[in-house]
Protein chains: 2
Amino acid sequence: MSSALPKAPRRGLADEAADLVRAAIFSGHFPPGAALREVELAAHLDVSRGSVREGLAQLEREGLVRSGWHRGTTVIDVTAQDVEEVYTLRAALDRLAATTARRTATSEQLSRLDQLIADMAAEIAGTADTRRLVTLDIAFHDQIYTAAGNGRLTTAWQAIRSQLHLFQLRRADAGYDHYRARVVDEHRELAALLRSGDRRTLARLAEEHVDSARRSLLAGLPD
Amino acid sequence: MSSALPKAPRRGLADEAADLVRAAIFSGHFPPGAALREVELAAHLDVSRGSVREGLAQLEREGLVRSGWHRGTTVIDVTAQDVEEVYTLRAALDRLAATTARRTATSEQLSRLDQLIADMAAEIAGTADTRRLVTLDIAFHDQIYTAAGNGRLTTAWQAIRSQLHLFQLRRADAGYDHYRARVVDEHRELAALLRSGDRRTLARLAEEHVDSARRSLLAGLPD
DNA sequence: TGATGTCCCAATGTTGACATTAGAACATCA
DNA sequence: TGATGTTCTAATGTCAACATTGGGACATCA
């Protein structure tokens with residue numbers, strides 16, 4: 001939660017409002033399709049409508065909500081097509097991130113990947129809190145994008161990151177055991193290829209890693 | 001400029017403000033690094049600061065401007081690293097868009113590509129307005145993304161589209177003749193492979209198309 | 001003289017009030 | 001009775017005033 005220097009990034013109320021609403025969506029307080037009324041949120045969060053409005057615009061950038069002219073803002077629905085779109089794009093982004101990070105990652109960043117894998121393994125051996133497992137999974141990929149060091153690529157990743165989080169959460173709630181069974185091995189293999197794999201093999205694995213996730217999620221979607 | 005049905009999408013003032021400022025940036029009225037003051041813009045566009053603010057946030061999504069806490073908004077600078085980042089990401093996105101469109105494009109959409117190529121050729125044979133040529137070039141790729149039909153992919157494309165436009169404009173202003181010499185052939189080849197090429201060849205060409213553009217732009221950047 | 005602290009102002013962040021709109025409920029007519 | 005036009009209202013879009021902040025100019029001191 002803290003770097004060497006927290007660098008205290010003074011943020012605006014809009015950012016905090018966005019964080020709060022995002023957390024509420026992840027927690028299930030606002031289910032898919034729910035309407036997010038500005039006045040209601042403003043009163044509940046004790047900030048002005050302007051700030052809430054700006055925060056919602058931020059969530060729209062992340063693809064978590066949709067809004068239209070005078071039609072308000074609603075939480076996105078999780079349809080099969082949404083899943084298809086997000087995972088297809090993610091495969092392309094992950095492929096680029098991995099092959100780039102293979103050249104640019106520092107040994108420190110690579111050890112951080114090992115640490116995250118160890119955390120996953122510990123979590124599975126322990127209480128196996130699937131919610132936390134998903135967070136670690138995403139943090140692992142965050143780290144790869146950071147190591148790649150391409151700001152625009154990271155922005156594109158963040159534009160689907162929250163949606164992905166929502167999807168994986170739904171996957172977790174439905175109780176997919178084989179996700180827990182394979183998540184550690186798959187990431188360990190990715191980390192190994194990042195260290196000393198050839199580019200093409202790594203590229204293919206990065207794509208397959210995402211494809212397998214997509215298939216397993218789609219299999220459990222009644223939509 | 002007009003589809004069969006303009007479908008009159010009632011837009012807010014924020015969107016119009018964004019369009020106006022974007023055009024002003026492209027026209028050179030706001031050069032790279034220029035500060036975009038909210039009060040100034042609001043007065044000039046005759047809208048409130050709130051709308052300007054929202055419009056600027058939109059331009060930030062497009063990567064055309066950057067802003068920080070209490071430090072205002074400025075037009076992005078065009079450094080070598082920026083070019084590197086944008087074109088690298090674009091290669092990955094174009095690759096996915098092309099391989100997807102190869103499966104999903106309708107014959108109508110493919111003919112529209114041919115039409116755009118014809119427009120380019122006519123432009124070169126005529127006045128050779130490089131500014132319009134760049135617009136056609138980007139419209140060509142817009143069409144491929146539309147044909148791919150992946151909303152998230154299109155969003156990711158739009159997040160770098162404006163920056164790309166700015167880069168290509170600079171490239172045009174510097175007067176790169178061999179861009180004009182090759183642009184038609186390259187796009188014709190892309191269109192042909194979209195119709196009847198195998199996936200791997202198309203993927204490679206899509207990447208190379210972007211790579212050649214990047215190299216030619218970087219060669220002319222003193223930064 | 002140069003490093004440090006203080007003040008000030010221009011610009012952004014925030015807010016509540018007012019204007020406008022989309023959609024639903026109702027009334028009207030063929 | 002079903003389609004069309006009207007009214008109403010809750011919610012969003014817009015606005016201008018107020019609060020807060022970052023950075024530079026100036027003064028102060030070792």
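Note that these values count all heavy atoms, side chains included, but never hydrogens, waters or copies made by symmetry. Below, read A as the first sequence line, B as the second, and so on, with proteins coming before strands; counting in each chain starts at 1.
- Looking at residues two or more places apart in sequence or on another chain, you find no side chain to side chain donor-acceptor pair (under 3.5 Å) involving Arg61(B).
- Remark: Gln115(A) pairs with Asp119(A) by the side chain to side chain donor-acceptor pair (under 3.5 Å) rule, at least two apart or across chains.
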Nucleotide N/O of nucleotides 6-11 of chain C paired with protein N/O under 3.5 Å:
none

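- Residues passing the salt bridge (charged side-chain N to carboxylate O under 4.0 Å, His left out) test with Arg214(B) are Glu84(B), Asp211(B), sequence neighbours excluded.
- Checked by atom type, the side-chain pair Asp137(B)/His187(B) shows a donor-acceptor distance below 3.5 Å.
- Residues of residues 40-61 of chain A having a heavy atom closer than 4.0 Å to DNA chain D, listed by number: Arg49(A), Arg53(A).
- Gln58(A) pairs by the side chain to side chain donor-acceptor pair (under 3.5 Å) definition with Asp15(A), not counting sequence neighbours.
- For Asp82(B), the salt bridge (charged side-chain N to carboxylate O under 4.0 Å, His left out) partners at least two apart in sequence or on another chain are Arg152(A).
- Screening residues 21-34 of chain B for side-chain hydrogen bond (donor to acceptor under 3.5 Å, both in side chains) gives Asp19(B)-Arg22(B), Arg22(B)-Glu62(B) as the qualifying pairs, with residues at least two apart or on separate chains.
- In this view, Arg71(A) satisfies the side chain to side chain donor-acceptor pair (under 3.5 Å) rule with no residue, not counting sequence neighbours.
- Taking side-chain N and O atoms only, Trp69(A) has a distance below 4.0 Å to OP1 or OP2 of dA22(C).
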